[in-house]
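Let me begin by presenting the structure, written as structure tokens, before commenting on it.
All values derive from a computational prediction rather than experimental measurement.
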Amino acid sequence: MATKCSGFATLVLIASILVLEISAQIECGGDLTGIITQCKSFVKKDGPKIPPSKPCCEALKGANVPCYCKYVTPSIENMISIEKALYVAKTCQLQNIPTDKCGSYIIPHPAPPKA
């Protein structure tokens, strides 16, 4: 019985993720499959910030970053660096990049210049 419940829970989780991804792409624009495949190496948690590739920027064309930020869950934040994702968005010259929050990530503001 526990195996059946565990299998069902896994199925529900996968279905929920797929529905969220489809909803996000329809609502937020861009090529979500392309974003995942072309941009994943630029937003992984480990390693330095590196400028994204042209195919990554192409996949992001038309993406509404604040809209995607609504879909960022703690499990997504465990897989990717939101800081790097925002860097990629800026480098690809997307518009309307959030300045306050993306998922639960609070976007730091630079310190004001000293007089």
Side-chain angles (χ1 to χ4, degrees):
M1 180 69 169
T3 305
K4 285 183 182 180
C5 289
S6 145
F8 180 71
T10 302
L11 181 63
V12 169
L13 178 62
I14 291 169
S16 299
I17 290 168
L18 290 173
V19 168
L20 279 175
E21 286 183 6
I22 291 166
S23 297
Q25 182 160 346
I26 291 169
E27 183 181 344
C28 304
D31 171 12
L32 187 57
T33 302
I35 292 168
I36 292 168
T37 60
Q38 298 298 323
C39 301
K40 68 181 174 186
S41 62
F42 305 104
V43 298
K44 61 184 178 183
K45 285 205 170 263
D46 298 334
K49 277 188 209 173
I50 53 175
S53 65
K54 187 174 181 177
C56 173
C57 290
E58 286 294 319
L60 284 167
K61 269 190 182 167
N64 179 332
V65 180
C67 181
Y68 275 107
C69 284
K70 292 188 316 188
Y71 290 97
V72 173
T73 63
S75 61
I76 291 171
E77 290 180 23
N78 286 332
M79 293 186 295
I80 69 167
S81 164
I82 301 301
E83 179 182 0
K84 287 181 183 177
L86 294 171
Y87 166 76
V88 166
K90 287 178 189 170
T91 304
C92 292
Q93 300 177 341
L94 296 181
Q95 303 298 309
N96 301 322
I97 297 170
T99 58
D100 55 346
K101 192 175 180 185
C102 185
S104 67
Y105 177 76
I106 305 294
I107 300 167
H109 296 281
K114 293 184 178 181

- On a heavy-atom basis, the closest approach of Leu60 and Leu94 is O-CD2, 3.5 Å
- Item | Minimum heavy-atom distance between Pro98 and Leu86, given as atom pair plus value | CD-CD2, 4.2 Å
If you round to the nearest 0.5 Å, how far is [atom2] of [Y] from [atom1] of [X]?
| X | Y | atom1 | atom2 | value |
| --- | --- | --- | --- | --- |
| Tyr105 | Cys69 | OH | SG | 11.0 Å |
| Ile82 | Ile76 | CD1 | CD1 | 7.5 Å |
| Thr37 | Asp31 | OG1 | CG | 7.0 Å |

- Note on the structure: The complete set of salt bridge (charged side-chain N to carboxylate O under 4.0 Å, His left out) pairs with one or both residues in residues 78-89, sequence neighbours excluded, reads Lys49-Glu83
Give the table of side-chain donor-acceptor pairs shorter than 3.5 Å for residues 38-48, with sequence neighbours excluded, one pair per line with atom names and distance.
from, atom 1, to, atom 2, distance (Å)
Lys45, NZ, Glu77, O, 2.9

- Task: Apply disulfide (SG to SG under 2.5 Å) to the pair Cys57 and Cys92, showing each step before the final yes or no.
- Result: CA-CA 5 Å; Cys57 290; Cys92 292; 2.0 Å; yes
- Query: What residue pairs, at least two apart or across chains, pass side-chain hydrogen bond (donor to acceptor under 3.5 Å, both in side chains) with a residue in residues 88-97?
  - Reply: none
- Message: In the structure I gave you, are the side-chain heavy atoms of Tyr68 and Leu32 within less than 4.5 Å of one another anywhere?
- Response: yes
- Item | Set of salt bridge (Lys or Arg N to Asp or Glu O under 4.0 Å) partners for Lys70, sequence neighbours left out |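 Scan of Lys70 (salt bridge (Lys or Arg N to Asp or Glu O under 4.0 Å), adjacent residues dropped) gives Glu27.
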